[in-house]
Number of protein chains: 2
Amino acid sequence: MKKIDIFKKLRSSGLRPTKQRVEIAKFLFERDKTFHFTIESLDKFLAKKTTFKFALATIYNTVHAFKKAGHLSEVDVRGKKTYFDTNITNHHHFYDNETSELIDIDASEVVIQKIPKAPNGKKIKNIEVFINLKN
Amino acid sequence: MKKIDIFKKLRSSGLRPTKQRVEIAKFLFERDKTFHFTIESLDKFLAKKTTFKFALATIYNTVHAFKKAGHLSEVDVRGKKTYFDTNITNHHHFYDNETSELIDIDASEVVIQKIPKAPNGKKIKNIEVFINLKN
DNA sequence: TTTTACTTTAGAATTATTATAAACTAGTTT
DNA sequence: AAACTAGTTTATAATAATTCTAAAGTAAAA
Ligand SMILES: [Mn+2]
Ligand SMILES: [Mn+2]
Ligand SMILES: [Zn+2]
Ligand SMILES: [Zn+2]
């Protein structure tokens with residue numbers, strides 16, 4: 001992903017390309033594989049890898065703007081912190097409780113044969129399969 | 001569920017049957033159908049339906065003791081509050097985002113045909129299917 | 001360049017949860 | 001039944017994740 005794409009991500013999220021936001025966007029999107037992160041892990045990375053400061057509020061605001069624009073998704077994990085995902089396709093997860101690690105499962109890897117019909121007046125929006133792992 | 005069973009629930013959770021705990025246990029277990037709740041909803045019910053006071057810490061402690069003893073389970077729901085479930089069988093959920101309501105799906109209602117194998121050295125502990133609803 | 005609207009930031013506020021430690025009580029012992 | 005002991009409740013403080021605020025700074029428009 002080129003720098004011009006980073007600007008597009010920002011613009012399409014309603015964000016001006018400030019230096020903080022560009023750094024965040026580069027870290028999130030300028031890579032080959034998608035990944036999962038928390039605000040805390042992102043903050044730690046930014047503190048270590050860049051010279052200037054990032055207020056936590058800036059990180060929260062930027063991540064939420066990306067999420068709102070559909071450039072990030074959120075994953076439900078037991079625990080207190082929110083996990084974000086740069087994989088915005090429909091997909092599923094393994095969760096390794098020992099390491100607190102999320103592993104993607106492509107939607108095509110899961111085939112569901114039978115599912116109940118949605119309650120009256122409701123439709124199915126999406127199905128999330130969460131596979132807990134043990135050793 | 002009779003009063004004697006309430007005492008068993010408490011005893012098997014390592015809890016003395018105090019009046020607070022008996023009230024909580026009666027509310028949770030003395031009913032025909034299982035249900036989902038948060039600490040907040042439980043607290044509100046107890047405040048409204050009983051005369052004596054419940055410290056929040058007592059509610060948290062009692063619920064956690066039931067969970068640890070296997071009398072309650074926890075459900076991952078997007079959001080900040082923890083949801084508990086008096087249904088401790090393996091089962092799945094519909095989640096109605098409009099009403100923030102969880103609806104049980106019996107394990108037999110879901111048949112999964114294909115699933116990837118667990119990563120090296122890991123085993124599958126359990127599979128949770130979460131179906132998001134829309135109108 | 002000046003202006004305007006948006007952005008960053010430090011710190012305060014909020015929310016859910018957990019910890020603390022003093023007052024209280026259930027169950028046991030005498 | 002009184003005394004004892006271990007467990008319990010409670011108000012309050014502490015912690016952790018997140019959101020809010022408002023002052024100072026910056027990008028883009030005029
Ligand atoms: Mn959020
Ligand atoms: Mn959660
Ligand atoms: Zn993922
Ligand atoms: Zn349930």
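Computed from a prediction, not measured in an experiment: that's the story for all the values here. Order of the sequence lines fixes the chain letters, A, B, ..., with proteins taken first and strands second; residue numbering starts at 1 for each chain.
- Test B/Thr62, B/Leu42, B/Ile59 against B/Phe54 for side-chain contact (heavy atoms from CB on, under 4.5 Å) and you get one pass: B/Ile59.
- Within a 6.0 Å sphere centred on NZ of B/Lys114, heavy atoms belonging to other residues, nucleotides or ligands number more than 12.
- To the nearest 0.5 Å, atoms CG (A/Leu133) and CG (B/Asn126) are separated by 9.5 Å.
- Listed pair B/Tyr60 / C/dT17 meets the phosphate criterion, a side-chain N or O lying under 4.0 Å from OP1 or OP2.
- Remark: B/Asn135 engages A/Lys122 in a side-chain hydrogen bond (donor to acceptor under 3.5 Å, both in side chains) (not counting sequence neighbours).
- One finds a side-chain N or O of B/Thr82 lying less than 4.0 angstrom from the OP1 or OP2 phosphate oxygen of C/dT17.
- A donor-acceptor pair is defined here as one N or O able to donate and one able to accept, closer than 3.5 Å; such a pair exists between the side chain of A/Asp76 and the backbone of B/Arg78.
- Inter-residue side-chain proximity for A/Val77 and A/His36 is flagged as unmet; no heavy-atom pair is nearer than 4.5 Å.
- Considering only side-chain N and O atoms, A/His64 lies nowhere under 4.0 angstrom from the phosphate OP1 or OP2 of D/dT18.
- Between B/Asp85 and B/Asp104, the closest side-chain pair of non-hydrogen atoms falls below 4.5 Å.
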Checklist entry - Reading nucleotides 2-12 of chain C 5' to 3', which nucleotides get B (base under 4.0 Å from a protein heavy atom), which S (sugar-phosphate only), which -? => result ---BSSSBB--
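- Residues from residues 40-51 of chain B with heavy atoms under 4.0 angstrom of DNA chain D: there are none.
- Counting all heavy atoms, side chain and backbone alike, A/Phe29 lies closest to A/His71 at CE2-O, 3.4 Å.
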